[in-house]
Amino acid sequence: MNTFTQILRGVLFFVLAIFGMIMALIFMVSTAIAVAILYGVARIKGRPFGVRAYWDQRRKPVAPSRNFNKKDVVDVEMREIP
């Protein structure tokens, strides 16, 4: 009986391992498809595709909002603490 349970556990472990590998393969293929689509869109729009281009684009200073409301400005008095 002990041998039977060990064989059953081994088969279950093998099936779960195969199922996990299939899930990982599906994840890798879907990621590759998503990256290919992003690369194609970047090529069509004429933008560079890469981490450096994305990082440079994100680091650009953000333009101030044109909907600035002067009523939201509050006077703040500052003083030095000795």
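- Think of Val11 as one node in a network of Ile, Leu, Val, Met, Phe, Trp and Tyr side chains linked at under 4.5 Å; its network also takes in Ile7, Val15.
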Check: residues 17-35 side-chain donor-acceptor pairs under 3.5 Å, at least two apart:
from	atom 1	to	atom 2	distance (Å)
Ser30	OG	Ile26	O	3.2
Ser30	OG	Phe27	O	2.9
Thr31	OG1	Phe27	O	2.8

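- The number of heavy atoms from other shown groups lying within 6.0 Å of OH (Tyr39) does not exceed 12.
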